[in-house]
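Here is the structure we will look at.
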Amino acid sequence: QVQLVESGGGLVQAGGSLRLSCAASGRTFSGYNVGWFRQAPGKERDVVAAINWSGSSAYYADSVKGRFTISRDNAKNTVYLQMSSLKPEDTAVYYCARGRAGVVTPSKYEYDYWGQGTQVTVSS
């Protein structure tokens, strides 16, 4: 079993930055891809970014390219999402999830373990 815990969310003004962390315990996610997803009220849970097991390859949703950076530290069993130039439309609950090994995929159906989420609110 893998437990994922997100942290780092909060309230920030538009144009500001936040760094989210996703810490794994139990069976780790070393060797697996990890994704960050977000869900706003009344909307689907969509991928934000995903990273492969080694950190050598990443995927970004078009809406966050150039503003968000995903990274990981396998020694610390932690994946990060650095968010900059935040916009009100980035407001959502952000979740991290463990995926499979292999090619990074944006499909949420390829991720099996999920954290509880952390709220990010961007004020205008």
Side-chain angles (χ1 to χ4, degrees):
Q1 195 75 4
V2 177
Q3 292 81 42
L4 304 180
V5 178
E6 302 94 338
S7 62
L11 173 63
V12 64
Q13 288 189 330
S17 299
L18 283 174
R19 188 176 82 155
L20 305 184
S21 298
C22 171
S25 61
R27 296 179 66 182
T28 71
F29 50 43
S30 178
Y32 293 89
N33 300 338
V34 176
W36 281 99
F37 296 77
R38 66 187 181 187
Q39 187 168 21
K43 295 190 176 181
E44 294 283 328
R45 187 174 299 187
D46 292 325
V47 68
V48 174
I51 190 166
N52 74 335
W53 69 274
S54 68
S56 63
S57 177
Y59 167 90
Y60 294 94
D62 287 343
S63 59
V64 306
K65 281 181 181 176
R67 300 189 298 122
F68 291 11
T69 302
I70 189 171
S71 61
R72 67 190 296 165
D73 185 338
N74 286 337
K76 295 182 178 180
N77 291 319
T78 303
V79 174
Y80 305 97
L81 185 68
Q82 178 66 48
M83 306 186 296
S84 302
S85 301
L86 283 162
K87 305 174 181 180
E89 51 263 45
D90 294 318
T91 295
V93 178
Y94 284 69
Y95 300 88
C96 66
R98 193 193 79 168
R100 310 182 195 283
V103 176
V104 175
T105 173
S107 172
K108 61 189 174 191
Y109 303 107
E110 298 296 320
Y111 293 80
D112 49 7
Y113 291 98
W114 293 78
Q116 294 296 312
T118 185
Q119 176 71 46
V120 171
T121 302
V122 184
S123 63
S124 57

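Keep in mind that this is a model prediction, so the values were computed, not measured. Below, all heavy atoms of this structure are taken into account, side chains as well, without hydrogens, waters or symmetry copies.
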Would a hydrophobic clustering, with Ile, Leu, Val, Met, Phe, Trp and Tyr connected at side-chain separations under 4.5 Å, put [X] with [Y]?
| X | Y | answer |
| --- | --- | --- |
| V93 | V34 | no |
| Y95 | Y80 | no |
| L81 | V104 | no |

Is a side-chain N or O of [X] found less than 3.5 angstrom from the main chain of [Y], in a donor-acceptor match?
| X | Y | result |
| --- | --- | --- |
| N74 | W53 | yes |
| Y111 | W36 | no |
| T78 | K76 | yes |
| N33 | G102 | yes |

R38: which of T91, D90, T118, D46 passes side chain to side chain donor-acceptor pair (under 3.5 Å)
D90
Out of curiosity, [X] [atom1] to [Y] [atom2], how far, rounded to the nearest 0.5 Å?
| X | Y | atom1 | atom2 | value |
| --- | --- | --- | --- | --- |
| C96 | I51 | SG | CD1 | 12.5 Å |
| T105 | N52 | OG1 | CG | 12.5 Å |
| R19 | S7 | CZ | OG | 9.0 Å |
| S124 | Q13 | OG | CD | 9.5 Å |
| I70 | Q82 | CD1 | CD | 12.0 Å |

Could you tell me which non-hydrogen atom of S17 sits nearest to which non-hydrogen atom of S85, and how far apart they are?
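The answer is OG-N, 4.4 Å.
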Heavy-atom closest contact (C22 atom, L4 atom, distance)
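Minimum heavy-atom separation between C22 and L4: SG-CB, 4.1 Å.
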Would V47 and K108 count as a side chain to side chain contact (heavy atoms under 4.5 Å, CB included) here? Give the steps.
CA-CA 7 Å; V47 68; K108 61 189 174 191; over 6 Å; no
I want to know whether F37 and W114 have ring centres closer than 6.0 Å.
yes
Measuring centre to centre across the rings, with the benzene-like ring taken for any Trp, is Y113 within less than 6.0 Å of Y32?
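Centroid distance Y113-Y32: not below 6.0 Å, so no.
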Can you tell me if CD on Q116 sees more than 12 non-hydrogen neighbours from other groups inside 6.0 Å?
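No, CD of Q116 has 12 or fewer neighbouring heavy atoms, counting only those of other groups under 6.0 Å.
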Intermediate values then yes/no, side chain to side chain contact (heavy atoms under 4.5 Å, CB included), L20 and E6:
CA-CA 7 Å; L20 305 184; E6 302 94 338; over 6 Å; no
